[in-house]
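Reading through the structure tokens given below for one structure.
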Amino acid sequence: MIKFSISVLTLALGISGPVRAAPQARPNIVVMVADDWGFSDVGAFGGEIQTPNLDELARRGMKFSNFHVSASCSPTRSMLLTGVDNHRNGVGNMRETIPQSHMGQPGYLSVLNTNVVTVATRLRDSGYRTYASGKWHVGKEAHNLPPARGFDRSIVMGDSGSDNWETGKRYLDLTDKVYWFEDGHEAVMPTEFYSSKFYVDKAIDYIKSGKASGKPFFAYLAFQANHIPVQAPPEFIAKYKGRYKDGWAVLRQQRRDKAAALGLVPKDMPMQAMSTTTDWNKLSAAEQAYEARRMEVYAGMADAMDFHVGRLIAHLKETGEYDNTVFVFLSDNGAEASDPYASKLASWWLDREYSRDLERLGGKGAYSVIGPSWGSAAAAPLSTYKFYAGEGGIRVPLIIAGLPGMAQNQVHASLAHVNDITPTLLELAQIERPGASYQGRAVEPLVGVSLLPVLQGKAQRIHSPDEAIGLELSGNQALFKGDLKLLKNITPVGDGQWHLYDLSVDPGETNDLQAVLPEAFKAMQEDYAVYAKANGVLPMPEDYDPIRQVLINSFVNVYVPRYRLQAGLLVAGLVVLTLVLRRRRKK
């Protein structure tokens with residue numbers, strides 16, 4: 001009553017004051033992470049795979065053609081969730097590939113440290129309901145599981161990957177079992193499922209459960225598609241029968257031409273053939289048929305993921321939430337080119353657990369990968385793959401759609417980085433950019449920049465041409481500065497030497513400019529040294545080999561704990577036997 005009287009009096013006396021606009025409703029936010037998708041796997045980025053739902057989001061929003069992540073899963077996810085460089089947030093390398101001499105060093109926990117705050121925590125604390133569904137891979141400790149990292153509800157697979165049909169089946173002998181968690185506790189899982197469908201089902205259930213609260217939601221949906229093993233329902237695979245009979249070189253060229261036509265890369269950009277690509281014409285007819293089938297399964301897996309994304313979109317439309325939802329879609333790194341069957345030990349294990357018969361590929365109990373040759377097509381028109389710092393390993397599709405008032409069907413070509421996502425989401429949620437403390441404790445500050453100015457058409461680029469942005473993973477190193485990129489990849493894909501490229505005309509990294517631009521070449525090496533020192537990047541052991549390291553870590557992480565008791569008993573028995581024999585000799 002008092003408030004009403006004051007308002008009437010104010011109007012009657014003509015007293016004026018600052019007029020405050022009603023705050024705009026905060027949007028729902030859906031972040032979708034694909035696993036190991038190459039730059040041109042999405043139809044809207046030049047691919048032949050049918051991804052109508054992602055393509056529609058691209059038409060409604062903006063495609064980022066120069067967006068970069070780390071070269072493998074968990075380092076990217078750590079930056080996506082925190083906006084902090086992976087060496088400062090604890091995930092300087094993956095648990096699977098980290099040298100034992102680095103393990104536990106500052107920045108090399110291989111899981112999130114306690115000095116970072118996730119975007120989910122900040123959104124939840126500001127009034128969002130928060131949900132996670134899918135692959136987690138940033139730590140299985142209690143303080144790193146989703147409830148402790150800002151999520152109200154969650155169902156996650158804690159590892160780097162697992163089977164897509166059977167919840168208890170590992171994809172490699174890297175852990176003792178598949179770790180599933182729901183709301184921070186060990187989950188009771190169905191025996192069989194299909195991963196993409198299951199994750200979307202859970203996301204929809206969580207969103208439904210909190211609707212009555214009236215709060216906006218943040219949903220983090222992290223798919224296993226298309227991480228190995230490559231598996232898909234038969235009806236999706238069947239759509240691509242015969243599509244890949246001409247081989248990977250033809251597909252790589254087709255994708256390059258389509259990406260150029262869409263304005264995602266320069267029309268006249270050169271493209272190199274990667275040294276790890278086999279000559280298709282030298283394969284036998286049976287080998288060609290087998291390889292074509294592997295790519296059919298890969299396409300089916302991506303297609304199936306898009307189908308289930310469509311189910312989520314349909315639900316949001318039915319419930320009236322779609323028009324107030326911002327969608328962010330990205331891949332965690334470039335195409336996966338590794339082939340576990342190339343390792344005798346891994347091959348031995350896989351042949352005990354899985355079939356690789358052509359007729360069974362994609363189905364339950366079967367195992368498939370695309371390998372480096374098809375990987376070169378998935379990465380088209382870029383060079384290298386997952387694990388390496390070439391553009392094919394770290395430049396991935398990014399689509400952002402649903403922002404009110406944004407222009408539609410746009411392509412943004414200036415440099416963007418995964419650390420920019422958290423600042424973007426916080427600004428969308430009307431949360432002031434945080435500093436170096438949170439709730440009274442010191443934390444790592446954000447290093448990214450909000451993408452909203454380019455999404456709203458207010459800026460042509462968000463990173464200054466003079467800003468140096470560094471990246472390192474397992475000795476593969478890069479530094480971006482304006483249009484220039486400094487690059488060093490380790491063997492066998494790289495030569496361990498620095499190179500310099502102009503990505504504005506040569507995203508395929510074919511023309512080394514170090515002799516043409518010697519001053520920039522030297523200055524950027526100095527910039528990289530500054531980045532490495534500031535972020536605690538450790539030098540790699542001289543004999544580091546990523547494939548061998550995975551085997552070593554598998555032994556240390558799985559077999560040593562598994563057989564520790566047996567080994568202890570064996571050692572104790574040997575000690576007792578030695579003592580007995582010594583006493584007998586003395587007698």
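Sequential numbering from 1 along the given sequence is applied to the chain's residues. These values consider heavy atoms only, across backbone and side chains, with no hydrogens, waters or symmetry-generated copies.
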Does the side chain of [X] pick up a donor-acceptor pair with the side chain of [Y] at under 3.5 Å?
X    : Y    : result
Q253 : D257 : yes
Y240 : D303 : yes
S195 : N164 : yes

For the student: nearest non-hydrogen atoms of [X] and [Y], plus distance:
X    : Y    : value
S154 : P146 : OG-CB, 3.4 Å
V505 : P270 : O-CD, 3.9 Å
S160 : M157 : C-CE, 4.5 Å
I370 : M295 : CG2-SD, 4.2 Å
A232 : Y194 : CA-OH, 3.5 Å
R60  : G402 : NH2-CA, 3.6 Å

Rounded to the nearest 0.5 Å, how far does [atom2] of [Y] lie from [atom1] of [X]?
X    : Y    : atom1 : atom2 : value
N28  : L428 : CG    : CG    : 11.5 Å
I462 : E467 : CD1   : CD    : 8.0 Å
E509 : R395 : CD    : CZ    : 8.0 Å
F45  : K63  : CZ    : NZ    : 6.5 Å
K317 : T325 : NZ    : OG1   : 11.5 Å
F217 : Y206 : CZ    : OH    : 14.5 Å

Counting N and O atoms only, with roles assigned by atom type, does the side chain of [X] sit under 3.5 Å from a partner on the main chain of [Y], one being a donor and the other an acceptor?
X    : Y    : answer
T76  : S70  : yes
T276 : P372 : no
T422 : L80  : yes
T130 : G150 : yes

Between [X] and [Y], is any pair of side-chain heavy atoms under 4.5 Å apart?
X    : Y    : answer
V31  : F218 : yes
Q231 : D163 : yes
H315 : E321 : no
F64  : L330 : no
T424 : L452 : yes
N333 : W37  : no
R124 : R129 : no
V309 : F223 : yes

Side chain to side chain donor-acceptor pair (under 3.5 Å) between E444 and N89, intermediate numbers included: CA-CA 8 Å; E444 292 285 348; N89 67 36; over 6 Å; no
Side chain to side chain donor-acceptor pair (under 3.5 Å) assessment of R252 paired with S40: CA-CA 9 Å; R252 181 166 165 82; S40 55; over 6 Å; no
From CA spacing to verdict: side chain to side chain donor-acceptor pair (under 3.5 Å), T121, T118: CA-CA 5 Å; T121 295; T118 68; 3.2 Å; yes
Exceeds 12 heavy-atom contacts within 6.0 angstrom, atom NZ of K245: no
Salt-bridge present (D55, R59; N to O < 4.0 Å): no
Short N-O contact, K239 and E296, less than 4.0 angstrom: no
Run the ring-centre check on [X] versus [Y] and record whether the distance is less than 6.0 Å.
X    : Y    : value
F480 : H463 : no
F67  : H417 : no
W374 : Y298 : no
F236 : F307 : yes
W180 : W136 : no
F327 : Y322 : yes

Working for salt bridge (charged side-chain N to carboxylate O under 4.0 Å, His left out), residues E427 and R433: CA-CA 7 Å; E427 188 172 356; R433 184 183 176 95; over 6 Å; no
F151 and Y220 aromatic ring geometry - parallel, tilted or perpendicular at 30°/60° bounds: tilted
Verdict with reasoning, H68 to V396, per side-chain contact (heavy atoms from CB on, under 4.5 Å): CA-CA 6 Å; H68 293 84; V396 298; over 6 Å; no
Pairs satisfying salt bridge (charged side-chain N to carboxylate O under 4.0 Å, His left out), at least one member in residues 30-41, at least two apart: D35-R77, D35-K135, D36-K386, D41-R255
K485 charged N/C atom sitting above Y501 aromatic ring, 6.0 Å / 45°: no
Stepwise side-chain contact (heavy atoms from CB on, under 4.5 Å) check, K211 with S213: CA-CA 5 Å; K211 185 174 176 59; S213 70; over 6 Å; no
Test log, rule side chain to side chain donor-acceptor pair (under 3.5 Å), inputs Q272 and T510: CA-CA 6 Å; Q272 61 179 309; T510 64; over 6 Å; no
side-chain contact (heavy atoms from CB on, under 4.5 Å) between L264 and V411, worked out: CA-CA 7 Å; L264 294 161; V411 175; 4.0 Å; yes
K481 vs D466, salt bridge (charged side-chain N to carboxylate O under 4.0 Å, His left out): CA-CA, chis, key distance, verdict: CA-CA 6 Å; K481 199 170 186 180; D466 297 325; over 6 Å; no
Stepwise side-chain contact (heavy atoms from CB on, under 4.5 Å) test for I469 and Y531: CA-CA 8 Å; I469 300 176; Y531 159 79; over 6 Å; no
Passing candidate, side chain to side chain contact (heavy atoms under 4.5 Å, CB included) with E391, options T384, L503, D506: L503
Intermediate values then yes/no, salt bridge (charged side-chain N to carboxylate O under 4.0 Å, His left out), E48 and K258: CA-CA 9 Å; E48 76 296 333; K258 183 67 178 297; over 6 Å; no
ring-ring contact (aromatic ring centres under 6.0 Å, His included) assessment of Y199 paired with H308: CA-CA 9 Å; Y199 292 147; H308 291 293; over 10 Å; no
